[in-house]
Structure formats: structure tokens, C-alpha cells
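See structure below.
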Amino acid sequence: MIAPEEQDEFDDFARGFCDRLLRIAYVLVGNVHDAEDLVQVTLLQTARHWQAARRSPHGYARTVLVNASKDRWRHRSRRPPEDFPEETVDAPVEDAMVEQLLERDAVLTALRRLPPRQRAVVALRFLEDLSVEATADVLGCSPGTVKTQTSRALQRLRTDLAPVIASSHATRPDGSPCTSTTRN
Amino acid sequence: MHIDDQELITFVRAAVEDRTEVLRYRRPLPRLSGRSAARMRARSAGVAVAVAAASAVLAVLTLPAVLGSGQDGGTGPSAAGPSVTPWTVSDSAALEAALADPEGLRVRRQVSTSTPVGVDPGALAPPYPVEVSVLARVPGQAVRYRPLDGFDGHDVRGWVGIKPTEGATVWLEYDGQLVMQLSARTVLTGTALATLLLREGASS
């Protein structure tokens with residue numbers, strides 16, 4: 001039997017972290033349908049192994065998520081592409097925001113062009129704020145590999161996004177990059 | 001124009017967070033599995049006797065888990081051949097039993113319509129309950145999925161459904177003769193079901 005407090009503990013974790021997991025998954029796979037699949041599998045696995053996961057549930061879930069996405073990368077190269085169109089998240093749009101939305105889409109497109117491992121490094125280090133060591137733990141590789149992948153990812157993003165960032169500077173009088181948004 | 005790392009990271013982070021902040025996970029959250037939790041506790045205690053006893057109890061509980069659901073017509077696409085009564089498997093032991101004897105499953109399809117004692121379908125951990133049917137051939141809309149080849153040590157080739165209308169369905173072909181169709185309502189897509197089945201097979 002599951003103790004009620006144990007179920008509550010899992011529920012609190014899952015409710016509090018599922019949206020964050022979905023955003024990481026979205027960066028990893030690039031569409032909402034697959035991202036939700038990944039999060040569903042991640043939560044099921046975390047629930048199934050809750051006794052082991054509860055010591056560090058966020059780290060456990062991140063590892064399961066990345067491993068599940070690795071499985072997907074491997075399998076995707078061997079089967080026909082799924083017929084989900086490339087998509088963007090539906091967000092409320094106002095005229096004044098169009099330019100900024102185009103910038104955002106350019107960033108997501110640039111992320112999609114990164115090799116899967118580099119995409120995962122960017123998601124974990126710069127969106128989840130994990131250290132090099134913690135990222136290496138999640139990815140199951142050495143810190144040196146994380147540093148190398150980080151450097152390559154940033155170089156590629158710099159190349160792909162240079163025109164967008166330059167345009168962003170040009171349209172903002174103070175030359176600042178896009179304003180940051182609230183984090184969970 | 002030089003862009004330093006920190007500026008680039010800030011730009012990327014702001015863009016991603018701005019574009020994903022509307023995302024909300026909409027699927028139901030899973031429930032903890034009592035079976036798994038009990039197994040983990042037994043393992044962490046390191047008491048081999050307790051593990052053996054738990055396994056014996058589990059075996060007794062799962063013996064009747066391969067059963068007929070009584071739903072004539074099956075869940076498979078009619079284009080795949082004659083429909084059959086789906087059976088419901090409720091755990092990895094029952095799944096293994098079904099995988100090991102697809103011909104027997106086909107022959108026995110009319111036998112049982114009872115519900116196994118002590119099994120509450122609502123309390124099962126996904127992907128269970130899994131409905132199992134035996135078809136004549138792989139349906140045309142199925143998509144080849146090589147990770148399922150040799151699933152659980154059996155001589156099978158795998159396919160999945162990838163369109164939302166197909167639900168969570170995988171197909172396993174035995175020697176080009178028989179096709180086992182596995183469907184689950186606790187999972188939404190064939191690839192997700194395949195992933196769970198593969199993990200279940202790996203952990204059992």
C-alpha cells in the first residue's frame with residue numbers, strides 16, 4: 001500500500017515540476033505533442049521508481065527525460081518522420097510584439113538546428129541553471145564533454161543568431177538584448 | 001559585431017522562456033504504483049526472503065491476469081484481418097505469458113470473460129492494463145519501429161501507430177505468421193507505449 005503522505009509528496013512534486021519539464025522537453029524535441037509524450041513517460045517512470053527518486057526527484061526526472069529523448073533521437077533516425085508539422089506555441093499576439101516574436105522563433109529554430117546533445121546541454125545549463133557537473137550527471141558524460149558541447153553550441157548559436165541579435169540591438173535605443181522574462 | 005557568451009545566453013534564455021511560458025502540461029498525473037513501491041522497499045531492506053515471498057505473492061496474484069474482457073470486435077483496425085476478442089494483461093508477468101504464446105492466446109480467445117480477483121483496473125500502473133489481440137497481419141497504417149524487434153527476447157518485429165486516431169498501439173509480428181496487437185488507454189501514442197513496454201521489459 002502507498003502511504004497517503006507518499007502519494008501527496010509525489011503529487012506535489014509532479015504538479016510543481018511538470019510544466020518546467022514540459023518546457024525542457026519542448027526545447028529538446030521542438031514540438032508540443034512529443035514534449036508531452038516525453039513528460040508523460042518521465043512522470044510515469046518517476047512514479048514507478050518513487051522510492052529511489054524521492055531523494056532527488058527533480059534530478060531523477062531530468063535524467064529520465066533526457067534519456068527518453070535520447071531514445072527518441074535514436075529511433076527517429078530509423079523510422080519515417082512523424083506527420084506533426086513544425087509548430088510554434090500559441091501565444092497571445094499583439095502588433096507591437098510581432099518583431100519580438102520573430103526573434104523568439106528565430107532562437108527556437110536555431111535551437112532545433114543544434115545536434116541533440118548540444119540542445120540538451122543548452123537546455124540544462126542555461127535554462128535549468130545546472131552546473132557543468134550536474135549537467136554531466138544528467139547526460140551521463142564527463143564534465144569535459146559538457147564543456148566541449150557547450151562551447152560548440154554557443155558558437156553555432158552565435159553564428160545563427162548574429163543577424164537577429166544585431167537587429168535586436170538596432171531596434172532598441174539602449175542597445176540592450178531582449179528583456180528577460182519571469183522564471184518559475 | 002561581437003556577441004559575448006553571457007549576452008547570447010541571456011538572449012536565448014529570454015526567447016525560450018517567453019515562447020514557452022504559456023505551455024502547461026495537460027495530461028493526468030500518474031499515481032504511485034503500490035507494487036513497485038513494495039518491491040523497492042523489499043530490495044532496500046536487503047532481505048532476500050522477503051523478496052522471494054513477495055514474488056510468490058505476486059505470481060499468485062498475476063496468474064489470472066491474462067483474461068478475456070468480453071468485448072467482441074477487438075480494438076484493432078478491421079483492415080488488418082479478422083477481429084478477435086482482446087485480452088487484458090495487467091502486469092509484466094501476464095504480458096510475458098501472452099508474448100510467449102500468441103497462438104495459444106488466439107486459440108483461447110473465447111474462454112474467459114471473468115475479471116481477475118483482486119485486480120482493480122484503476123489501480124494499475126501505466127501502461128497497464130494493456131489490451132492484447134491477435135491479428136492476421138500488420139495493418140497498413142502501422143509504422144515500422146525497430147527498437148521493438150526482439151522485444152523481451154522473442155522473435156518478433158515491431159510497428160507502432162503514430163497518428164492520434166490510432167491511439168497507443170504497437171504491433172509485434174511473429175515470423176510473418178501472427179501479429180499481436182497491444183493497445184493501452186493509459187498512454188496516448190504508440191511510441192510512448194513502445195517506450196514504456198521496452199522499459200518494463202528491461203526492468204522485469
Side-chain angles (χ1 to χ4, degrees), chain A residues 1-2 6-7 10-11 14-15 18-19 21-23 26-27 32 36-37 39-41 43-45 47-52 68 71-72 74-75 78-80 82-83 88-91 100 103-105 107-108 111 122 126-127 154 157-158 161-162 165-166 168-169 177-183, chain B residues 1-5 7-41 43-44 125-127 143-148 159-160 162-164 186-189 191-196 198-200 203:
Chain A
M1 284 292 293
I2 297 295
E6 207 169 319
Q7 183 66 56
F10 173 78
D11 289 346
R15 268 196 296 268
C18 62
D19 290 344
L21 280 174
L22 184 62
R23 291 169 207 179
Y26 182 79
V27 172
V32 176
E36 285 187 328
D37 274 358
V39 174
Q40 185 172 23
V41 167
L43 291 176
L44 287 170
Q45 288 296 311
R48 182 171 292 166
H49 301 286
W50 183 242
Q51 290 299 312
D71 292 344
R72 180 180 172 280
R74 289 192 197 104
H75 302 162
R78 301 180 200 157
R79 62 192 174 95
E82 296 178 5
D83 56 358
T88 56
V89 180
D90 293 330
Q100 199 174 40
E103 287 176 10
R104 306 314 201 204
D105 283 343
V107 171
L108 290 173
L111 283 170
V122 169
F126 303 132
L127 305 179
L154 288 178
L157 287 173
R158 182 177 286 111
L161 294 175
I165 294 178
S168 168
H169 279 263
C178 297
T179 53
S180 58
T181 55
T182 306
R183 304 200 64 196
Chain B
M1 173 188 171
H2 175 72
I3 306 163
D4 66 30
D5 283 355
E7 184 180 1
L8 181 62
I9 291 164
T10 302
F11 188 82
V12 169
R13 171 186 281 180
V16 171
E17 295 201 337
D18 193 58
R19 282 304 263 150
T20 60
E21 66 180 348
V22 294
L23 284 180
R24 295 290 179 271
Y25 184 68
R26 296 163 297 186
R27 298 185 187 175
L29 299 178
R31 305 286 296 172
L32 295 183
S33 159
R35 181 169 63 92
S36 298
R39 194 165 55 195
M40 281 299 296
R41 286 195 197 95
R43 281 183 188 162
S44 61
V143 173
R144 189 84 169 89
Y145 196 69
R146 294 186 191 281
L148 284 169
W159 282 261
V160 297
I162 61 168
K163 294 178 182 172
T186 50
V187 189
L188 289 188
T189 66
T191 49
L193 175 59
T195 301
L196 285 172
L198 288 165
R199 286 173 189 269
E200 178 75 352
S203 63

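Reminder, nothing fancy here: chain letters follow the sequence lines and each chain counts from 1. None of these values were measured; they are calculated from a predicted model.
For B:Pro28, no part lies under 4.5 angstrom from a heavy atom of chain A. No part of A:Leu21 comes within reach of chain B, as not one of its non-hydrogen atoms sits under 4.5 angstrom from that chain. Looking at A:Val39, the atoms closer than 4.5 Å to chain B (heavy atoms on both sides) sit in the backbone and in the side chain alike.
Between B:Phe11 and A:Leu157 the shortest side-chain heavy-atom distance does not fall below 4.5 Å. Side-chain atoms of A:Phe126 and B:Val16, non-hydrogen and from C-beta on, never get closer than 4.5 Å to each other.
Within the model, atoms CG of B:Asp4 and CZ of A:Arg158 stand 7.5 Å from one another, a figure rounded to the nearest 0.5 Å.
Using a distance-only test at 3.5 Å, with no hydrogens or angles considered, no donor-acceptor pair links the side chain of A:Asp19 to the main chain of B:Arg24.
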